[in-house]
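Take a look at the structure below.
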There are 2 protein chains.
Amino acid sequence: MPSTAARDRLVQTALELFYVDGFHAVGVDRIASEAGVGKMTLYRHFRSKEDLILAALRRRDEVFRAWFTRALDAAATTPSGKLVAVFDVVDAWIKGAGPGNQRFRGCAFVKASAEYGDPDDPIHAAAAAHKAIQLRQLIQLAREAGATAPEQLARQLAILREGAIAEAHVAGNVDAALDARRVAEGLVGAALPHQ
Amino acid sequence: MPSTAARDRLVQTALELFYVDGFHAVGVDRIASEAGVGKMTLYRHFRSKEDLILAALRRRDEVFRAWFTRALDAAATTPSGKLVAVFDVVDAWIKGAGPGNQRFRGCAFVKASAEYGDPDDPIHAAAAAHKAIQLRQLIQLAREAGATAPEQLARQLAILREGAIAEAHVAGNVDAALDARRVAEGLVGAALPHQ
DNA sequence: ATTGAACGATACCGATCGGTAACATATTTA
DNA sequence: TAAATATGTTACCGATCGGTATCGTTCAAT
């Protein structure tokens with residue numbers, strides 16, 4: 001059976017190259033070469049480049065969500081506090097923290113959706129699935145916080161998060177998450193039952 | 001001198017193909033072919049593919065901003081009303097309105113930044129410039145509305161708009177702009193001097 | 001009517017694309 | 001120790017990449 005080590009190096013290398021230079025711009029030769037692996041080894045582990053892209057996005061989904069959850073737990077303790085702290089974590093990500101040692105270049109799944117714009121494309125679908133999981137986590141937090149309309153609050157916070165990430169990358173506004181945080185404070189405060 | 005007609009067809013065709021299939025995925029042969037133009041004509045008007053991409057983004061910037069401004073003027077009359085109506089226009093865009101007859105596939109400039117992630121890349125810079133102009137228009141509206149902190153309000157609305165566009169495209173939430181609109185109502189209302 | 005420029009078409013360039021075949025070398029397992 | 005397997009290298013496939021050269025034709029200005 002093929003070794004897990006070679007497969008892991010391929011996925012990790014592909015992920016880093018895709019994130020920096022894009023999916024179409026990075027060829028399989030370069031991935032195999034920079035992973036220190038023969039090209040045929042790549043095709044023993046993955047049927048096609050698309051398969052490798054999907055594996056890389058799966059890994060990104062796992063690693064990023066794990067990092068985000070840990071950072072969120074460290075930043076706040078109460079559910080309502082975490083709903084606001086989401087934007088402190090995004091702020092830290094924009095400014096260099098985050099999984100891996102690469103500079104911030106926006107959301108990897110937004111990039112994937114940008115290059116594979118057809119919603120029926122499996123790659124686009126993988127990006128949508130990642131966003132759906134993250135939305136569910138926000139809904140759960142909003143419910144635990146006792147928000148009056150947890151799903152609407154979660155969707156609004158998701159929009160704010162997505163917008164901050166995009167503004168930071170495209171427009172170069174490194175403090176976008178701080179602007180979004182101010183909005184989130186008002187939303188969360190207004191959604192909680194008055195005490 | 002080269003004709004304006006051929007150049008315009010090239011830019012328009014390139015814009016449509018890039019928007020749907022991406023910048024790297026669309027080759028110059030296909031652009032020239034679908035524009036009904038010889039390949040050499042393309043290179044008589046543009047030094048390189050990058051030049052054509054930049055020309056297409058310039059056109060997108062002009063056409064899209066003109067469409068957006070007109071739609072905004074038709075949707076509301078007062079400055080504060082327009083700040084909220086921004087999200088009605090985005091909602092209409094997501095649902096099929098907008099310049100051109102193509103289905104909504106997210107923001108063309110976000111797509112460009114996704115494929116050309118280096119902020120120093122001229123293509124990325126063109127996208128950033130587009131976002132800067134749109135932000136300035138929001139700041140102007142916020143000033144006219146008499147907002148207490150017009151620049152911060154404009155940045156927050158820009159984040160909301162960007163987030164709604166991204167959520168609609170990536171996650172497939174076609175009503176994202178309506179969620180964002182609710183948030184914008186609160187922000188604009190709170191930023192105006194009480195009367 | 002003649003010149004000259006812009007045109008579409010085609011063939012071509014070296015390089016790279018995604019993907020495959022063959023092979024010799026390790027590394028493992030029996 | 002012998003058979004089996006996973007490996008990295010190399011060469012190759014047809015197709016396409018961005019970009020150039022050359023052609024005969026169209027068409028407008030003089």
Side-chain angles (χ1 to χ4, degrees), chain A residues 1-58 111-112 114-118 121-124 126, chain B residues 1-58 111-112 114-118 121-124 126:
Chain A
M1 75 195 83
S3 83
T4 308
R7 189 196 151 94
D8 281 357
R9 270 209 323 284
L10 278 166
V11 171
Q12 182 61 29
T13 303
L15 194 47
E16 294 169 4
L17 293 178
F18 288 149
Y19 184 63
V20 172
D21 287 338
F23 296 91
H24 284 90
V26 174
V28 289
D29 295 83
R30 188 176 166 206
I31 295 170
S33 165
E34 297 206 15
V37 150
K39 194 175 177 178
M40 271 313 293
T41 302
L42 190 157
Y43 279 98
R44 259 178 229 116
H45 287 277
F46 306 95
R47 294 184 179 177
S48 62
K49 184 186 182 183
E50 179 177 298
D51 252 40
L52 176 56
I53 292 175
L54 289 171
L57 289 181
R58 264 193 300 274
K111 289 168 102 75
E115 293 201 47
Y116 302 90
D118 183 355
D121 189 294
I123 296 173
H124 191 120
Chain B
M1 78 194 81
S3 82
T4 308
R7 189 195 150 95
D8 279 357
R9 269 208 327 281
L10 278 166
V11 171
Q12 183 61 29
T13 304
L15 194 47
E16 294 169 5
L17 293 178
F18 287 150
Y19 184 63
V20 173
D21 287 340
F23 297 91
H24 284 91
V26 174
V28 288
D29 294 83
R30 187 177 166 203
I31 295 170
S33 165
E34 297 207 14
V37 151
K39 193 175 177 178
M40 272 312 294
T41 302
L42 190 157
Y43 279 98
R44 260 179 228 116
H45 287 277
F46 306 95
R47 295 185 178 175
S48 63
K49 183 185 181 183
E50 180 178 297
D51 252 40
L52 176 56
I53 292 175
L54 290 171
L57 289 181
R58 265 192 299 273
K111 288 169 102 78
E115 293 202 47
Y116 302 90
D118 183 355
D121 190 294
I123 296 173
H124 191 120

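All of these numbers come straight from a predicted model, not from anything done at the bench. Note that these values count all heavy atoms, side chains included, but never hydrogens, waters or copies made by symmetry. We name chains A, B, ... by the order of the sequence lines, and we start the count at 1 in each one.
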Subject >> Parallel, tilted or perpendicular: rings of B:His24 and B:Tyr116 (30°, 60°) >> reply: parallel
**OP:** Please lay out, stage by stage, how B:Glu50 and B:Ile123 fare under the test side chain to side chain contact (heavy atoms under 4.5 Å, CB included).
**Re:** CA-CA 8 Å; B:Glu50 180 178 297; B:Ile123 296 173; 4.1 Å; yes
**OP:** With the side chain counted from C-beta on, respond yes when B:Phe46 and B:Val11 share a heavy-atom pair under 4.5 Å apart, and no when they do not.
**Re:** yes
Original post:
Heavy atoms, side chains only, cut-off 4.5 Å: are B:Val28 and B:Tyr43 in contact?
Top reply: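 Contact flag for B:Val28/B:Tyr43 side chains = yes.
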Original post:
Is the side chain of A:Lys49 donor-acceptor paired with the backbone N or O of A:Phe23 at a distance under 3.5 Å, no angle test?
Top reply: yes
Original post:
Which one of A:Leu10, A:Ile31, A:Thr13 satisfies the side chain to side chain contact (heavy atoms under 4.5 Å, CB included) criterion with A:Val37?
Top reply: A:Leu10
Original post:
Base, sugar-phosphate, or nothing for B:Ala6, non-hydrogen atoms under 4.0 angstrom?
Top reply: sugar-phosphate
Starting at [atom1] of [X] and ending at [atom2] of [N], how long is that distance when rounded to a whole Å?
X	N	atom1	atom2	result
A:Leu42	D:dT7	CG	C1'	13 Å
B:Ile31	C:dG8	CD1	P	15 Å
B:Glu34	C:dG8	CD	C1'	16 Å
A:Arg7	D:dT7	CZ	P	12 Å

Subject >> Summary of protein contacts for nucleotides 10-30 of chain D, nucleotide by nucleotide, where a base hit scores B, a sugar-phosphate-only hit scores S (4.0 Å, heavy atoms) >> reply: -------SBBBBB--------
